[in-house]
Amino acid sequence: MSAASRPAARRDLPVPAAESASAALSAPANVLAPADVPAPRGTPSPRAGVLAILIACLLWGTTGTAATFAPEVGPLAIGAAALGIGGLLQAAIAIPALRRERGSLRARAGTVVAGAIGVAAYPLAFYSSMHLAGVAIGTVVSLGSAPIASGLLEGVLEGRRPGRSWLLAAALGIGGCALLCGAKLADEPAEAGGVVSGVLLGLLAGASYALYSWSAARLMGQGVSRAAAMGAVFGGGGALLMPVLLATGAPLLASPQAFAVGAYMAIVTMFIGYLLFGFGLTRVSASTATTLTLVEPAIAAVLAVLVVGERLLPISWLGMAGIAASLLVLVLTPAPRTPAAAVAPAGPTVPLASATPGTTGP
């Protein structure tokens, strides 16, 4: 997700079951999803939800490879088109919720603005990272660094001390990034500057991802509905990306193929991908969705090798395995259970006007 797509739920607050699913808006960022709430009898079969989430992850995993089919279009234009247009579309289908809760959103304008800045920064850093370091490395570093950045952000803003699992995951993730970077530098020493810059931009993408995930989760923790929170954050980010698209997007209109790539990014991977993900969240638990979204960086890496023709050394695969292990440690770490009395009955889940990125969100 790249980038497709997914904020972390607050662990220290009682979260209604219908809102807890919003924790799984994306792979890395929802590693702090609350414990699952047992589904009431008569709920729909989870199979359709699992399939929808896997299809969404497949779409998000194609973003880096798709961008290579428009080589004349720069990464800033690709990123601005993907989440700029995609974000505005998400806001458009959330208009009823935005109108209904405009007072609550206005009272929390600082959080909304922070999230919008994260949404705007993420695709610019993400696609630039892939452009400089390669699709496989850019995607894996961006998505793999997001949960580490989330932990650091919560430590700074909320005073949470990281646990042992987070420290282990951080060590695995940092080690994996170091192996990826070292292998690329050893294989292509002439590209050292671009590789290092690409990895740093991937880390910036992960931090941006963490910022908008935290912002959306904070809004929802303060009683704003998921549709309104995500519509405001993504709509604001999309609006911020419009000047970038106007300044850099002319090549998207230069050929039918370039236009098709831009349309695919915005409509298929971002808009439809998140609708599928929102559908899936109505049928599976947050932790299940979190685990399923781990396939996104794997899809991106495989496509980079098979379609784009990138070459990865064995040590590069070892680095990717380290980052994957980092994500698994965070996903499989049990969250403290929310007392049953504090959990509201699950109401109808609003389809995401809501979500993201990922890689990852794209």
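Proximity of a side-chain donor or acceptor of Q257 to a complementary backbone N or O of F69 within less than 3.5 Å is detected. In terms of modelled atom types and a separation under 3.5 Å, the side chain of R99 and the main chain of P96 share no donor-acceptor contact.
Looking at residues two or more places apart in sequence or on another chain, you find a side chain to side chain donor-acceptor pair (under 3.5 Å) between E101 and S225.
Summarising the geometry, atom CG belonging to L105 is positioned 11.0 Å from atom CZ belonging to R100; distances are rounded to the nearest 0.5 Å. Rounding to the nearest 0.5 angstrom, the gap separating the CD1 atom in I85 from the CG atom in L252 is 8.0 Å. A distance of 10.5 Å separates OG of S208 from CG of L203, quoted to the nearest 0.5 Å. Taken from CZ in F234 to CG in L83, the straight-line distance is 6.0 Å, to the nearest 0.5 Å. A distance of 7.5 Å separates OG in S215 from CG in L153, rounded to the nearest 0.5 Å.
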Go through V244 and L124 one step at a time and tell me if the side-chain contact (heavy atoms from CB on, under 4.5 Å) criterion holds.
CA-CA 9 Å; V244 180; L124 305 181; 4.1 Å; yes
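Hydrophobic cluster membership of L204, counting Ile, Leu, Val, Met, Phe, Trp and Tyr whose side-chain heavy atoms lie under 4.5 Å apart directly or via other members: L132, L201.
In this structure, F271 is a member of the same hydrophobic cluster as L88, with clusters built from ILVMFWY side-chain heavy atoms closer than 4.5 Å. In the hydrophobic cluster analysis, where Ile, Leu, Val, Met, Phe, Trp and Tyr join through side-chain heavy atoms closer than 4.5 angstrom, M265 is grouped together with L275. Hydrophobic clustering keeps F259 apart from I267 (ILVMFWY residues linked when any side-chain heavy atoms are closer than 4.5 Å, directly or through intermediates). Side-chain heavy atoms closer than 4.5 Å link hydrophobic residues (I, L, V, M, F, W, Y) into clusters, and following such links, even through other members, never connects Y212 to V113. Under the 4.5 Å side-chain heavy-atom criterion for ILVMFWY residues, a single connected hydrophobic cluster contains both V307 and V135.
Considering only heavy atoms from C-beta on, Y264 comes within 4.5 Å of L59 through its side chain. Here the side chains of L58 and L54 are not in contact, with every heavy-atom distance at 4.5 Å or above. Put simply, the side chain of I55 does not reach to within 4.5 Å of the side chain of F279, judged on heavy atoms. Residues V268 and T62 are not in side-chain contact: their nearest non-hydrogen atoms beyond the backbone lie 4.5 Å or more apart. Counting only heavy atoms from C-beta outward, the side chains of Y127 and V73 never approach each other to under 4.5 Å.
Between A114 and L211, the closest heavy-atom pair is O-CD2, 3.4 Å. The minimum heavy-atom distance linking A94 with G231 is given by the pair CB-CA, 3.9 Å. Taking every heavy atom of both residues into account, S145 and G206 meet most closely at OG-CA, 3.5 Å. For the residue pair L219 and A229, the shortest heavy atom distance occurs at CB-CB, 3.9 Å. Residues L241 and G79 approach most closely at CD1-O, 4.4 Å, considering heavy atoms. Shortest non-hydrogen contact noted between T63 and M270 is CG2-CE, 4.5 Å.
For the side chain to side chain contact (heavy atoms under 4.5 Å, CB included) test with M130, the passing option among I78, T68, I137, T139 is T139; the others fail.
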